[in-house]
Visitor: 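Following this message is one structure expressed as structure tokens.
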Protein chains: 2
Amino acid sequence: MPETRRTLSSVQNAARLLKTFTSLDRELGVTELAHRLGLGKSTVHRLLATLAEEQLIEQDPVSGRYRLGLAVHELGAAASTATDLHAAALTPMSVLRARTGETVQIAVLDGREVVYVERLDSPNTLALFLEVGRRNDAHVTGTGKCLLSFLDEATLDRMLDGWELRAQTPSTITDPLALKKELARSRRRGYATNLHESEVGVISVAGPIRDGHNRVIASMSVAGPAERMEPVMERTTQAVVEACAVTSRRLGWTQNPRPT
Amino acid sequence: MPETRRTLSSVQNAARLLKTFTSLDRELGVTELAHRLGLGKSTVHRLLATLAEEQLIEQDPVSGRYRLGLAVHELGAAASTATDLHAAALTPMSVLRARTGETVQIAVLDGREVVYVERLDSPNTLALFLEVGRRNDAHVTGTGKCLLSFLDEATLDRMLDGWELRAQTPSTITDPLALKKELARSRRRGYATNLHESEVGVISVAGPIRDGHNRVIASMSVAGPAERMEPVMERTTQAVVEACAVTSRRLGWTQNPRPT
DNA sequence: TGGACCGTCCCTCCCTGCGGAACATCCGTC
DNA sequence: GACGGATGTTCCGCAGGGAGGGACGGTCCA
């Protein structure tokens with residue numbers, strides 16, 4: 001090996017094969033693919049079999065031809081969901097950060113946890129959050145409580161059943177009935193707060209981000225040290241709710257949403 | 001090799017790696033991916049480098065972490081476009097085929113050609129069309145003329161510039177001015193016809209399929225032998241236009257479309 | 001029936017893909 | 001500044017995995 005290759009030829013062939021499918025070339029056979037890729041038919045057949053095993057490709061049983069599979073739909077949805085939310089939220093987050101001077105984050109719900117998917121740090125950051133992708137228990141965070149509060153009651157009850165609400169601070173709500181009462185209050189107000197529940201000395205306020213079907217799909221929060229946040233809590237809450245509304249409208253949300 | 005493997009392990013690893021990215025796990029590092037996949041770090045790094053070369057993956061230059069790339073967006077769009085159109089059009093096509101007794105097809109525009117992407121044969125088929133994926137010059141087909149007629153004038157002028165309108169029959173429109181006049185007429189009427197222009201003895205009528213942004217994205221046509229089509233041309237035209245409207249509404253089109 | 005086309009499978013050859021370990025970089029702590 | 005821990009990147013040796021040619025079976029059509 002006189003020169004170190006950085007890429008794997010078999011994986012490259014598979015990638016090129018996937019990219020041969022377009023909205024115009026939706027179904028292709030082994031022979032056509034082999035011709036287009038300049039590879040042997042057996043090689044292409046093995047690539048297809050492998051990609052079919054992983055559901056990136058599927059085969060029409062009648063014609064024997066191949067098309068993109070379910071996993072590509074899911075990958076595409078994952079990629080575009082992230083992109084749409086990022087595009088819709090970028091300016092409102094910047095505005096919010098400028099108005100409050102604190103850290104702005106967006107989280108989504110995954111089971112009984114939130115995952116932080118967007119973040120703009122404030123210059124006064126206390127290093128209280130780590131990088132995007134970080135998770136935390138939903139019940140101790142403003143974003144988590146906000147997302148939980150907009151679940152339908154049956155779903156929420158199922159989640160609370162058997163949920164050991166572990167305390168992260170003395171202020172954490174660990175009683176299911178108390179949490180449910182807090183979530184109902186959050187839903188009525190249209191936002192949720194975190195008062196020292198995940199970290200002593202830190203508070204946050206979080207609002208809901210909705211999509212074109214009026215579903216709450218994410219939550220945006222402002223968080224900072226209590227001594228800075230408390231004097232301006234009302235103003236901050238208003239700014240958060242407004243930023244969430246702007247983001248939601250960009251995602252297609254209206255006051256009279258389309259039926260789902 | 002005591003047993004013949006049907007799949008390629010390196011390609012399988014790459015596929016599994018791609019599927020590790022979800023809307024929640026949007027950015028992942030080499031070390032995390034290696035741990036989740038149970039592979040060595042250098043193996044994962046090579047997979048990532050290869051997939052990045054093909055744009056299925058991209059790297060954040062600051063954090064060094066990886067996320068799904070542009071090509072995944074494109075693959076996902078290709079997959080979902082095909083699926084959405086198929087789902088929306090299936091019933092209207094069946095109804096149209098039952099009402100007319102002729103072959104129903106859907107085509108999309110690719111440059112100066114149409115590509116047939118859906119087809120329902122009539123029992124009286126003259127073997128005049130081949131399988132899905134077939135192409136033809138746009139200017140000689142009902143679907144092509146329909147799609148061309150709804151382009152904005154600047155785009156159409158650019159396309160006509162230098163376009164040698166080859167004749168497929170003595171009836172084909174080969175004069176650019178005559179074609180432009182015909183397209184303007186089609187646009188006003190809301191449908192287009194093909195009178196022996198692609199094949200002597202065969203005529204068709206085609207209507208526009210619109211999406212939620214009021215863009216004409218495809219065209220549906222009914223085609224058959226002239227002696228069968230001519231006596232029922234008006235009724236057939238109505239049925240085509242109606243099937244296109246039903247399909248369009250399923251794709252989100254409304255009479256008061258959302259601004260793009 | 002024969003020919004043309006397709007997708008699938010098998011066998012042989014050789015080179016490619018894997019993982020461990022070293023390396024470079026960044027960050028936080030003392 | 002030194003150190004430790006984390007990250008992503010590079011190199012090298014080893015063995016098994018991947019590529020292609022060709023045979024096979026099925027389908028369609030004249």
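Below, chains carry the letters A, B, ... as their sequence lines are ordered, and counting in each starts from 1.
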Visitor: Rounded to whole angstroms, how far apart are CG on A:L33 and P on D:dA19?
Guide: 15 Å
Visitor: Could you tell me which residues satisfy side-chain contact (heavy atoms from CB on, under 4.5 Å) with A:E54, sequence neighbours excluded, listed by chain and number?
Guide: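 In terms of side-chain contact (heavy atoms from CB on, under 4.5 Å), with neighbours along the sequence ignored, A:E54 is linked to B:Q12, B:A15, B:R16, B:K19.
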Visitor: Please identify each residue that fulfils side-chain contact (heavy atoms from CB on, under 4.5 Å) with B:T22, with sequence neighbours left out.
Guide: B:L24, B:D25
Visitor: A:L17 has an atom CG; how far is it from atom P of C:dG7, in whole Å?
Guide: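 Distance check: A:L17 CG to C:dG7 P gives 12 Å.
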Visitor: Enter the distance from A:L18:CG to B:L18:CG here, rounded to the nearest 0.5 Å.
Guide: 8.0 Å
Visitor: Could you state the atom-to-atom distance from CZ of A:R16 to P of D:dA19 in whole Å?
Guide: 11 Å
Visitor: For B:S10, which residues count as a side chain to side chain donor-acceptor pair (under 3.5 Å) partner, sequence neighbours excluded?
Guide: A:S10
Visitor: Report for the helix from C:dT1-D:dA30 to C:dC30-D:dG1: angle between first-end and last-end helix axes, five pairs each, rounded to 10 degrees.
Guide: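 End-to-end axis angle for the helix from C:dT1-D:dA30 to C:dC30-D:dG1: 40°, rounded to 10°.
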Visitor: For C:dT8, does OP1 or OP2 lie under 4.0 Å from any side-chain N or O of A:Y66?
Guide: yes
Visitor: More 5' along DNA chain C: A:S10 or A:S63, using each one's nearest nucleotide?
Guide: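 Checking each residue's closest nucleotide, the 5'-ward one belongs to A:S63.
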Visitor: Just call it for A:Q59: base, sugar-phosphate, or nothing, with non-hydrogen atoms closer than 4.0 Å on any strand.
Guide: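 Result for A:Q59 = sugar-phosphate.
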Visitor: Measure from CZ on B:R65 to P on C:dC26 and round the result to the nearest Å.
Guide: 17 Å
Visitor: Can you list the residues that meet the salt bridge (Lys or Arg N to Asp or Glu O under 4.0 Å) rule with A:R99, with sequence neighbours excluded?
Guide: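 Once residues adjacent in sequence are excluded, the partners of A:R99 under the salt bridge (Lys or Arg N to Asp or Glu O under 4.0 Å) criterion are A:E242.
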Visitor: Examine distances only and state if a side-chain atom of A:D110 and a backbone atom of A:E113 form a donor-acceptor pair shorter than 3.5 Å.
Guide: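 No; judged by distance alone, with no hydrogens or angles, the pair does not exist.
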Visitor: Taking side chain to side chain donor-acceptor pair (under 3.5 Å) as the definition, give me every residue that meets it alongside A:Q55, ordered by chain and number, with sequence neighbours left out.
Guide: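 In terms of side chain to side chain donor-acceptor pair (under 3.5 Å), with neighbours along the sequence ignored, A:Q55 is linked to no residue.
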Visitor: Write down the protein N/O and nucleotide N/O pairs, taken from nucleotides 19-22 of chain C, whose separation is under 3.5 Å; answer none if there are no such pairs.
Guide:
residue : atom : partner : partner atom : Å
C:dG19  : OP2  : B:G40   : N            : 3.1
C:dG19  : OP2  : B:T43   : OG1          : 2.3
C:dG19  : N7   : B:S42   : OG           : 3.2
C:dG19  : N7   : B:R46   : NH2          : 3.4
C:dG19  : O6   : B:R46   : NH1          : 3.2
C:dG20  : O6   : B:S42   : OG           : 2.5

Visitor: Any pair with a residue in residues 69-83 of chain A that passes salt bridge (charged side-chain N to carboxylate O under 4.0 Å, His left out), sequence neighbours left out, goes on the list, sorted by first then second residue, please.
Guide: none
Visitor: Just the rounded figure in Å: distance from P of D:dG18 to CD of A:Q12.
Guide: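 After rounding, the reported distance stands at 15 Å.
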Visitor: If you take any heavy atom closer than 4.0 Å to DNA chain C, which residues from residues 47-55 of chain A end up in contact?
Guide: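 Heavy-atom contacts with DNA chain C come from no residue of residues 47-55 of chain A; none.
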Visitor: Please report, rounded to the nearest Å, how far the C1' atom of D:dG8 is from the CG atom of B:L28.
Guide: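 Rounded to whole Å, this separation is 14 Å.
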Visitor: Using the side chain to side chain donor-acceptor pair (under 3.5 Å) criterion, which residues pair with B:S204? Sequence neighbours excluded.
Guide: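 Side chain to side chain donor-acceptor pair (under 3.5 Å) check on B:S204 returns nothing, list empty.
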Visitor: What is the distance, rounded to the nearest whole Å, between atom NE2 of A:H35 and atom P of C:dC6?
Guide: 11 Å
Visitor: For A:H35, check side-chain contact (heavy atoms from CB on, under 4.5 Å) against everything at least two apart and list the hits.
Guide: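 If we apply the side-chain contact (heavy atoms from CB on, under 4.5 Å) test to A:H35, skipping adjacent residues, there are no hits.
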Visitor: Taking B:K41 for the side chain and B:V30 for the main chain, is one N or O donor matched with an acceptor at less than 3.5 Å?
Guide: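 No; zero donor-acceptor contacts below 3.5 Å.
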Visitor: Quick one: is A:N13 getting a side-chain N or O under 4.0 Å of the D:dA19 phosphate, OP1 or OP2?
Guide: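 Yes.
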Visitor: Could you list the residues that satisfy side-chain contact (heavy atoms from CB on, under 4.5 Å) with B:T20, not counting sequence neighbours?
Guide: B:L28, B:L33, B:R36, B:L37
Visitor: Taking only the side-chain nitrogens and oxygens of A:S9, find out if one of them lies under 4.0 Å from OP1 or OP2 of D:dA19.
Guide: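 No, because none of the side-chain N or O atoms of A:S9 sits under 4.0 Å from OP1 or OP2 of D:dA19.
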Visitor: Does A:H45 put a side-chain nitrogen or oxygen below 4.0 Å from OP1 or OP2 of C:dT8?
Guide: yes
